[in-house]
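A, B, ... follow the sequence lines: proteins, then strands. Residue 1 opens every chain.
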Protein chains: 2
Amino acid sequence: MDIMNNVENVKTQMRRGVLEYCILSILSKKDSYASSILSELKDARMIVVEGTIYPLLIRQKNQGLLTYRWEESPQGPPRKYYQITDKGRRALEEMDSAWQEIVETIRLLRDK
Amino acid sequence: MDIMNNVENVKTQMRRGVLEYCILSILSKKDSYASSILSELKDARMIVVEGTIYPLLIRQKNQGLLTYRWEESPQGPPRKYYQITDKGRRALEEMDSAWQEIVETIRLLRDK
DNA sequence: TTTATTACCTTGTATCACAAAGTATACAAA
DNA sequence: TTTGTATACTTTGTGATACAAGGTAATAAA
């Protein structure tokens with residue numbers, strides 16, 4: 001197997017780990033809908049596809065981290081706008097800590 | 001579902017994403033065997049269990065990132081010492097870049 | 001010979017990301 | 001009116017893989 005194949009695979013795994021964190025982060029700044037979140041993540045080189053993000057948003061909604069409402073679109077079908085809840089904001093804070101901890105752990109592992 | 005449940009789950013996912021990276025990093029410093037790598041990861045709060053690490057080492061060996069040799073143990077059964085290959089070192093360098101990129105991506109997402 | 005310690009390995013289950021295909025709306029062009 | 005295009009949400013099937021749990025085996029001490 002090619003080396004870039006390994007690395008791409010690991011990159012994918014790394015991204016997976018922070019995907020929920022990224023989505024909460026985006027929604028903590030302003031309400032948004034799946035397609036828009038998708039574009040934002042792609043711009044930030046966090047490659048994700050529809051089949052990943054829709055079920056994930058539904059899971060987060062079911063966990064009480066998000067709510068949603070339907071809104072008319074300027075053109076095309078209505079959009080499902082997601083909004084972060086108080087519980088979602090508390091979870092986001094916890095994820096901030098978790099992320100910092102992992103970044104520090106890796107830093108120590110790589111330096112030592 | 002409790003909020004700490006969400007966060008624990010996300011922490012687990014984050015750890016998963018960097019597990020292969022951590023193992024290559026540990027082996028880049030000195031040859032080691034599964035049980036020892038496991039302890040080292042646990043000390044660094046990268047919680048992993050046997051059923052995770054054994055198949056992972058086998059996968060990395062099959063990908064040509066590692067080789068192994070058997071060595072007598074001072075007590076108990078022989079140990080399977082893994083050694084990183086040149087290909088493994090190149091993969092590790094690529095993973096360093098990938099990790100830095102993700103850390104930077106998250107920093108931007110969280111700050112903006 | 002039984003127990004403890006160390007070590008490696010496998011199996012069954014659940015989760016989840018992704019690819020792919022499907023459904024639906026709105027609008028413009030033919 | 002029909003067709004094409006863009007936007008948007010949803011579902012299904014597949015494969016990868018982490019984990020829990022249990023199994024195998026070597027050594028030494030009780």
Practice problem: Could you state the atom-to-atom distance from CD of Glu72(B) to P of dC8(C) in whole Å? | Solution: 13 Å
Quiz item: At under 4.0 Å between heavy atoms, what does Ser35(A) touch on the DNA or RNA strands: base, sugar-phosphate, or nothing?
Solution: sugar-phosphate
Self-check item: Side-chain N or O of Arg16(A) closer than 4.0 Å to phosphate OP1/OP2 of dA17(C)
Solution: no
Quiz item: Quick one: is Ser73(A) getting a side-chain N or O under 4.0 Å of the dT7(D) phosphate, OP1 or OP2?
Solution: no
Exercise. Salt-bridge test for Arg90(B) and Asp86(B): reply yes if a basic N is under 4.0 Å from a carboxylate O, no otherwise.
Key: no
Exercise. State whether Arg59(A) places a side-chain N or O below 4.0 Å from either non-bridging phosphate oxygen (OP1 or OP2) of dA17(C).
Key: yes
Practice problem: Rounded to the nearest angstrom, tell me the gap between atom OH in Tyr82(B) and atom C1' in dA7(C). | Solution: 12 Å
Quiz item: Cation over ring, Lys80(B) on Tyr33(B), under 6.0 Å and within 45°?
Solution: no
Quiz item: Counting any heavy atom closer than 4.0 Å, what does Gln13(B) reach on the DNA or RNA strands: base, sugar-phosphate only, or nothing?
Solution: sugar-phosphate
Quiz item: So, is Tyr54(B) near the phosphate of dC9(C), with a side-chain N or O under 4.0 Å from OP1 or OP2?
Solution: no
Quiz item: Do Glu50(B) and dC19(D) have a side chain to base donor-acceptor pair shorter than 3.5 Å?
Solution: no
Quiz item: Roughly, in whole Å, what's the span from CG in Leu38(B) to P in dC9(C)?
Solution: 13 Å
Practice problem: Ignoring backbone atoms, test whether Asn9(A) places a side-chain nitrogen or oxygen under 4.0 Å from the OP1 or OP2 oxygen of dA16(D). | Solution: no
